Amino acid sequence: MTQAALTGLRIETAGDETRVCIVGPLTVREAGIAYDRLAALTPSPAMTIDLGEADTIDTIGAWLVYRFLRDWRVAGVRARYANATPEQEKLIEQARINDAPCEVRPREANPVVRQLAEIGRATVAITDRFGALLAFLGLVLARLALQLARPWRIRWTSLSHHMEQVGLKALPIVGLMSFLIGLVLVQQGAYQLRRFGAEIFVVDMIGIATLRELGVLLTAIMVAGRSGSAFTAQIGTMKLTEEVDAMRTIGLDPIDTLVLPRLLALVILMPLLVFYASMVAIAGGMVFGWLSLDIPVDTFFTRVRTVVTMDDFLVGMIKAPVFGMVIAVAGCFEGMQVAGDAASVGERTTISVVESIFMVIVFDAFFAVFFTTIGM
Amino acid sequence: MTDRDVIIRVRGLRNQFGAQVVHDNLDLDVRRGEIIGIVGGSGTGKSVLMRSIIGLQEPAAGTIEIHGRSTASLSERDAKELRRTWGVLFQNGALFTSLTVAENVQVPLREYYRMDDHLLDEIAAFKIAMVGLDRDAGPKYPSDLSGGMRKRAGLARALALDPSILFLDEPTAGLDPIGATAIDDLVRQLQQTLGLTVFLITHDLDTLHSVCDRVAVLADKRVITVGTIDELLAYPHPWVQEYFKGPRGRAALQIAGGADTSGHGEGG
């Protein structure tokens with residue numbers, strides 16, 4: 001089908017008058033081509049759009065007729081339509097009534113100004129957020145102290161539910177991840193150490209690195225992705241459905257009912273998860289050492305017991321509850337920040353994960369300096 | 001009533017979710033150019049019926065014919081062509097949140113047709129004006145709009161392709177009475193100027209009285225009756241009686257009666 005057949009436009013010229021005859025339908029289907037062809041016409045002193053042979057016209061067809069007549073008239077042409085049926089006239093009249101051009105996109109400011117404004121907005125937002133986070137942390141710590149002073153007010157059911165969610169149900173994935181990391185670490189380490197004939201030192205490496213750093217960092221990252229995000233999404237959804245407001249009106253404190261059980265669950269379970277992850281990672285290293293490096297299991301054990309000190313173990317265990325708290329506070333804080341629509345839940349969840357992983361790493365750096373200073 | 005007058009024909013429709021049967025052996029005819037109101041208690045499957053007709057819900061049994069063609073065995077191309085002939089307004093507008101109102105209106109046009117960007121912008125502005133939105137609503141994002149404006153914007157998008165059938169799911173729900181009346185008037189006016197067939201789900205008795213030509217009542221898993229409000233008033237089913245003759249029904253009836261007489265006065 002050719003373009004001409006799609007839109008029947010026949011152009012007749014008589015004297016100074018041009019007649020544009022619409023043949024067949026003029027609807028949204030033909031609008032694109034009809035517009036291009038009508039826009040290409042050079043208007044003569046008198047223009048007529050003849051609808052005598054047109055059959056179907058919809059609102060968009062009527063709009064085309066109206067808007068070209070309008071433009072031609074503005075250009076000083078005598079323009080009119082002819083032979084329209086009453087229905088077609090009604091539609092063209094509709095187009096005239098509703099001729100109110102509007103912007104399609106918000107006006108964009110000068111790029112330099114926009115960039116500057118963006119930087120300013122971001123700075124204010126980050127400062128505000130940091131302040132709000134500190135305020136939230138203070139509030140949570142105050143409520144926590146109150147609750148620990150009166151332990152019978154702790155919500156045990158909720159606490160045990162969250163402990164199951166963040167602890168027990170995380171075991172398979174944390175275990176698998178740790179096992180593989182331990183295995184890969186020993187494999188890569190052995191490859192490098194072999195060049196110095198010091199293969200056996202992979203045991204020192206895996207033992208110390210896992211207990212001091214890797215076990216706790218990897219677990220924290222996994223928990224931030226698994227549980228921190230879930231906290232944000234759960235609390236955020238409850239904020240959207242006004243459940244949090246309902247709690248307040250009934251006299252339940254959302255910090256007590258929503259935040260503290262999650263926080264306590266993570267603080268209690270992070271050390272356990274970290275210990276489990278470290279042990280599984282060492283086991284992973286041991287399996288690789290035994291299968292590929294011919295390090296017997298008992299040699300591996302003896303070496304781990306001689307090189308790994310109690311300090312190494314304690315360093316990991318001291319960091320674990322702190323990281324748990326960081327993740328819980330960030331997750332719950334972002335959940336409480338949810339407002340507006342469902343898109344905000346997704347946005348906040350992403351922020352919560354990024355924020356908690358970032359803060360875990362910052363805290364880890366502080367801990368590293370601290371432990372070195374006190375000689376641990 | 002000849003076949004040509006029936007634009008949507010539903011026969012023996014059955015919908016179920018697991019063991020729960022929502023519709024069983026449901027029949028419904030929608031005539032060309034009418035505004036049909038769908039009423040029924042909560043959970044009687046009004047929205048499910050609409051979703052079945054527009055193909056968002058696969059029925060367990062039954063046939064649905066639109067423009068005389070069964071929707072069951074269409075090729076992808078024919079299905080797309082058929083979808084082009086209707087516009088749908090979802091309950092909360094269902095506007096795309098990442099696009100402005102004007103861009104929302106352009107989405108179906110861009111999807112189906114190739115046209116100049118300038119013309120697209122003009123059409124968007126025209127449709128926005130047609131549903132009674134201010135010109136400064138065009139570049140706004142849906143999150144900046146009130147409930148009533150969001151419905152109007154949704155309506156503008158539904159009307160973008162000049163559909164012959166318009167599906168409205170609770171167009172006045174959640175609006176204040178003034179906004180609701182304005183939407184009622186708009187639907188009436190658009191239906192008259194554009195010759196639309198309107199499938200209107202509502203709980204709003206005022207909408208039923210002021211807008212609908214006929215009303216279909218969903219109960220007992222099927223359409224128990226279809227008729228004008230006067231016919232329904234005489235229908236003996238207890239739910240229908242309770243619905244139209246309860247306190248709210250009576251109030252709406254009185255208002256509509258008053259409005260009708262004044263309307264006749266102006267017309268004469």
Side-chain angles (χ1 to χ4, degrees), chain A residues 3 6-7 25-40 56-71 85-109 240 339-347, chain B residues 81 84-85 87 92 95-106 108-145 150 156 159-164 189-190 192-196:
Chain A
Q3 288 208 340
L6 260 175
T7 341
L26 182 62
T27 64
V28 57
R29 204 181 293 263
E30 291 81 26
I33 295 158
Y35 176 82
D36 292 344
R37 294 192 53 194
L38 283 167
T56 332
I57 286 190
D58 63 4
T59 60
I60 291 170
W63 171 258
L64 282 176
V65 172
Y66 162 75
R67 59 100 49 213
F68 278 105
L69 292 178
R70 179 198 65 191
D71 281 5
T85 64
E87 282 80 42
Q88 290 166 352
E89 272 178 15
K90 204 160 81 178
L91 286 175
I92 294 169
E93 176 62 11
Q94 274 292 314
R96 189 188 65 76
I97 295 168
N98 294 312
D99 180 13
C102 75
E103 305 269 333
V104 171
R105 277 158 287 274
R107 232 172 262 250
E108 293 198 344
L240 281 190
D341 51 9
S344 151
V345 177
E347 223 167 80
Chain B
E81 191 57 30
R84 207 192 67 83
T85 66
N92 292 312
L95 295 168
F96 303 123
T97 47
S98 57
L99 302 178
T100 65
V101 170
E103 285 170 334
N104 260 287
V105 177
Q106 290 175 348
L109 292 164
R110 282 183 197 278
E111 173 63 21
Y112 283 95
Y113 304 109
R114 280 190 51 181
M115 49 179 89
D116 195 274
D117 275 351
H118 186 71
L119 179 62
L120 273 174
D121 292 356
E122 278 187 13
I123 293 176
F126 171 40
K127 298 281 172 179
I128 286 169
M130 205 155 86
V131 296
L133 278 174
D134 265 357
R135 59 205 302 176
D136 55 353
K140 282 189 180 150
Y141 285 93
S143 52
D144 304 329
L145 301 181
R150 225 173 285 183
L159 291 172
L161 293 178
D162 261 303
S164 50
Q189 179 226 328
L190 287 173
Q192 278 164 0
T193 42
L194 308 179
L196 299 168

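Values in this document were obtained by computation on a predicted structure and should not be read as measured data. No hydrogens, no waters, no symmetry mates; every other heavy atom, side chains included, goes into these values. Chain letters run A, B, ... following the sequence lines, proteins first and then strands; every chain starts at 1.
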Would you please go through residues 129-136 of chain B and name the residues with a non-hydrogen atom below 4.5 Å from one of chain A, in numerical order?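 Contacts with chain A: B:A129, B:M130, B:R135.
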Considering only heavy atoms and a distance below 4.5 Å, find which of A:I97, A:T27, A:T59 pairs most often with chain B.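 Ranked by contacts with chain B, first place is A:T59.
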For chain B, which of A:L91, A:D341, A:V104 has the most heavy-atom pairs under 4.5 Å?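 Max contact count across the listed options: A:V104.
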Heavy-atom distance under 4.5 Å to chain B: side chain of [X], backbone, both or neither?
X      : answer
A:A95  : both
A:A343 : neither
A:D58  : both
A:L64  : side chain
A:I60  : both

Does any heavy atom of chain A fall under 4.5 Å from the side chain of [X], the backbone, both, or neither of them?
X      : value
B:Y112 : neither
B:K127 : side chain
B:L109 : side chain

Where [X] and [Y] come nearest, the two heavy atoms and their spacing:
X      : Y      : answer
A:C102 : B:G138 : SG-CA, 3.9 Å
B:L161 : B:Y113 : CD2-CE1, 3.7 Å
B:P108 : B:A160 : CG-CB, 3.8 Å

Donor-acceptor under 3.5 Å (A:T56 side chain, A:P25 main chain):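 Pair absent, no side-chain N/O of A:T56 close to backbone of A:P25.
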Looking at B:Q189, is its backbone amide N or carbonyl O close enough to the side chain of B:Q192 to form a donor-acceptor pair, meaning the two atoms are under 3.5 Å apart?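 Between the backbone of B:Q189 and the side chain of B:Q192 there is no qualifying donor-acceptor contact (under 3.5 Å).
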Listed partners of [X] passing salt bridge (Lys or Arg N to Asp or Glu O under 4.0 Å), at least two apart:
X      : result
B:E122 : A:R67
B:D144 : none
B:R114 : none

Would you call the rings of B:F126 and A:W63 parallel, tilted or perpendicular if under 30° counts as parallel and over 60° as perpendicular? parallel
Result for side-chain hydrogen bond (donor to acceptor under 3.5 Å, both in side chains) between A:Y66 and one of A:D71, A:D99, A:N98 points to A:D99
Kindly indicate whether the side chain of B:R110, heavy atoms from C-beta on, has any atom under 4.5 Å from the side chain of B:L120.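 Yes; the side chains approach each other to less than 4.5 Å.
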